[in-house]
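Note sheet for the following structure.
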Amino acid sequence: MQKFKFVIDIQYKSNVRDPRGETIARVLREEGNIPIESIRIGKSIHGEVQAESKEQAEKLVIKACEELLVNPVTEEFKVEIK
């Protein structure tokens, strides 16, 4: 078994409202006088997984996303295996 580092990038789907992103964008425009059009707030998860291959590591991380880490109704994700 090898250890593989991974990064999961989780974002709201484009059709889902992002109140935190909207608030930050508004504050930057109104108080910072910075012409930000929009901001989307997401989250990233960094970790390590043990697997036989990079492909297996990716499958395991995707399984974790689909079964536990991501709400498929409102969120989408990308996985990077290093």
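No hydrogens, no waters, no symmetry mates; every other heavy atom, side chains included, goes into these values. All residue numbers refer to positions in the sequence shown, counting from 1. All values reported here derive from a predicted model rather than from experimental measurement.
Side-chain contact between Glu52 and Met1: present, with at least one pair of heavy atoms (C-beta onward) separated by less than 4.5 Å. Side-chain contact between His46 and Lys5 is absent, with no heavy atoms from C-beta onward closer than 4.5 Å. A 4.5 Å side-chain heavy-atom check between Asp9 and Phe77 finds every atom pair outside the cut-off. Residues Asp18 and Arg20 form a side-chain contact, since some pair of their non-hydrogen atoms from C-beta on lies under 4.5 Å apart. Put simply, the side chain of Val79 reaches to within 4.5 Å of the side chain of Cys65, judged on heavy atoms. Considering only heavy atoms from C-beta on, Lys82 comes within 4.5 Å of Val7 through its side chain.
Comment: Glu75 does not engage Lys13 in a salt bridge, judged by the lack of any side-chain N to carboxylate O separation of less than 4.0 angstrom.
Shown here for Ala57 and Ala51, the closest heavy-atom pair between the two residues is N-CB, 3.5 Å.
Rounding to the nearest 0.5 angstrom, the gap separating the CG atom in Asn33 from the CG atom in Leu28 is 10.5 Å. Taken from CD in Glu48 to CZ in Phe6, the straight-line distance is 8.5 Å, to the nearest 0.5 Å. Atoms CZ and CD, on Arg26 and Glu31 in that order, are 7.5 Å from each other to the nearest 0.5 Å. The CG atom of Leu69 sits 12.5 Å away from atom NZ of Lys63, with the distance rounded to the nearest 0.5 Å. The line from CD of Gln50 to CD of Gln56 is 10.5 Å long, rounded to the nearest 0.5 Å. Interatomic distance, OG of Ser44 versus CD of Glu80, reported as 11.0 Å (0.5 Å rounding).
No chain of hydrophobic side-chain contacts below 4.5 Å, direct or via other Ile, Leu, Val, Met, Phe, Trp or Tyr residues, connects Ile24 to Ile10. A continuous path of ILVMFWY side-chain contacts below 4.5 Å connects Ile39 to Ile34, so both sit in one hydrophobic cluster. Ile45 and Tyr12 fall into different hydrophobic clusters, where Ile, Leu, Val, Met, Phe, Trp and Tyr residues are linked whenever their side-chain heavy atoms come under 4.5 Å apart, directly or through other members. Grouping the Ile, Leu, Val, Met, Phe, Trp and Tyr side chains by contacts below 4.5 angstrom, directly or via other members, places Ile41 with Ile36.
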